[in-house]
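Remarks on the structure that follows.
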Amino acid sequence: MMKEYIDEAEKALLHTYNRYQIVLDKGEGVYLYDTDGKKYLDFVSGIGVFALGYHNEEYNNALKEQIDKVIHTSNYYYNVPAVEAAKKLKAFSGMDRVFFTNSGAEAVEGAIKTARKYAYLKDGKTDHEIIAMEHSFHGRTMGALSVTGKKAYREAFEPMIGNIRFATLNDFESVKSQVNEKTCAIIFETVQGEGGIYPATKEFMEQVYALCKEKDILLILDEIQCGMGRTGYPYAWQKFSVKPDIMTTAKAVGGGVPVGAFLMTEHVAQHSLTAGDHGTTYGGNPLACAAINKTLDLFEQNHIIEHVTLEGKYLEKKLDELVCQYDCIAMRRGAGLMQGLVFQKPVGDIILKALEKGLILINAGTDVIRFLPPLIITDEDVDRMISILKEAIEEA
Ligand SMILES: *Cc1c(COP(=O)(O)O)cnc(C)c1O
């Protein structure tokens, strides 16, 4: 039966993914089931989206209630879920103003437009530059792709939006040397996800922050993957004595519903986008905002951040043991429940073996296995994951 679905999918869907050969059907907690009924322990959570696990009854009921009220109204009118979601997201992030989007890439687009408008209002010029990082990932739309530091993703789609320079994460000099009077923003992920799980260092964060403050350059932190509690802080930058001028969030913020946001300080809000500058038909619609509301409520009720801090330590310890046990593993990188195991060889075969054995894992680049489990995992789930992973490593 799965084979038939897969064959049909390959005839109908545009082939932009080499998909794993399973058809996922339903979920329960940290487990997913395929259409043949096979059970999988999920350490990917839909790429860091399903933070609260599958089939959370309270979350599902909140969505069902909203569906019965109204799903969509457009941004020409106010709606209660959006007001509530904006207030809660402000409190959770420490930022001042919110613009809801439908995806992460769109949040990055909005962040870029905000930075350009801020600079434009200062000097009236239209040649501002943005500094982004090598190995970064910010999404597949043209603006987000333009600041994505992987040439293979960009090449066929050139020309990108102009005036982007690339520097190296955690190499402050490489950033500083690119700054000039045209620089309007510096954008990076607090923990690079797609690019191989590279956390920004405290020193780098604080140096870039100070440079931005000194030169009135806007610091844009992309927290789409590393945010929403994943590193043991609401947003990963909160670990440091810095604050972004603009921040993006998506993936886990809606607990599974497609939604994102870019947020900014009051100062940037007062000196950038105004009525008519930006918009979206769906962004922040009542259904998406009901999802954000319930997600943020459940984060608080279930002490998710505190749980991640503890569980992240346990996952780190267990992964570190693997690094000691296996010569083919070079190191572990990451923070909280966003971890990467760096292998001395491509990891594709290990991931396939794990999948056969009922464990869902994902790579980040060719030689890193990435761990982005639902934030509700327990020690037992980690132990089970480790034991399957060991078998997969030994057989692959
Ligand atoms: C996933 C991701 C994006 C893009 O989000 P989409 O919702 O896929 O558009 C942008 N930045 C980072 C850091 C991401 O991990």
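Remember, it's 1-based here, ligands and their atoms both numbered in the order they're listed.
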| request: Can you sort out the partners of Lys88 under salt bridge (charged side-chain N to carboxylate O under 4.0 Å, His left out), two or more places apart, ordered by chain and number? | output: Asp297

| task | Might you list the protein residues in contact with ligand 1, defined as having a heavy atom under 4.0 Å from one of its atoms, sorted by chain and number? | result | Ser103, Gly104, Ala105, Phe137, His138, Gly139, Glu189, Asp222, Ile224, Gln225, Lys251

| Hey, would you say the His267 and Tyr118 ring centroids sit under 6.0 Å apart? | yes

| request: Assert yes or no for the condition that the ring centre distance of His72 to Tyr282 is strictly below 6.0 Å. | output: yes

| request: Please collect all ring-ring contact (aromatic ring centres under 6.0 Å, His included) contacts where either partner lies in residues 342-385, sequence neighbours excluded, each pair once. | output: none

| field | ring-ring contact (aromatic ring centres under 6.0 Å, His included) contacts touching residues 233-258 (sequence neighbours left out) | value | Phe92-Tyr235

| remark: Scanning both residues in full, the closest heavy-atom pair of Leu337 with Pro373 reads O-CD, 3.5 Å

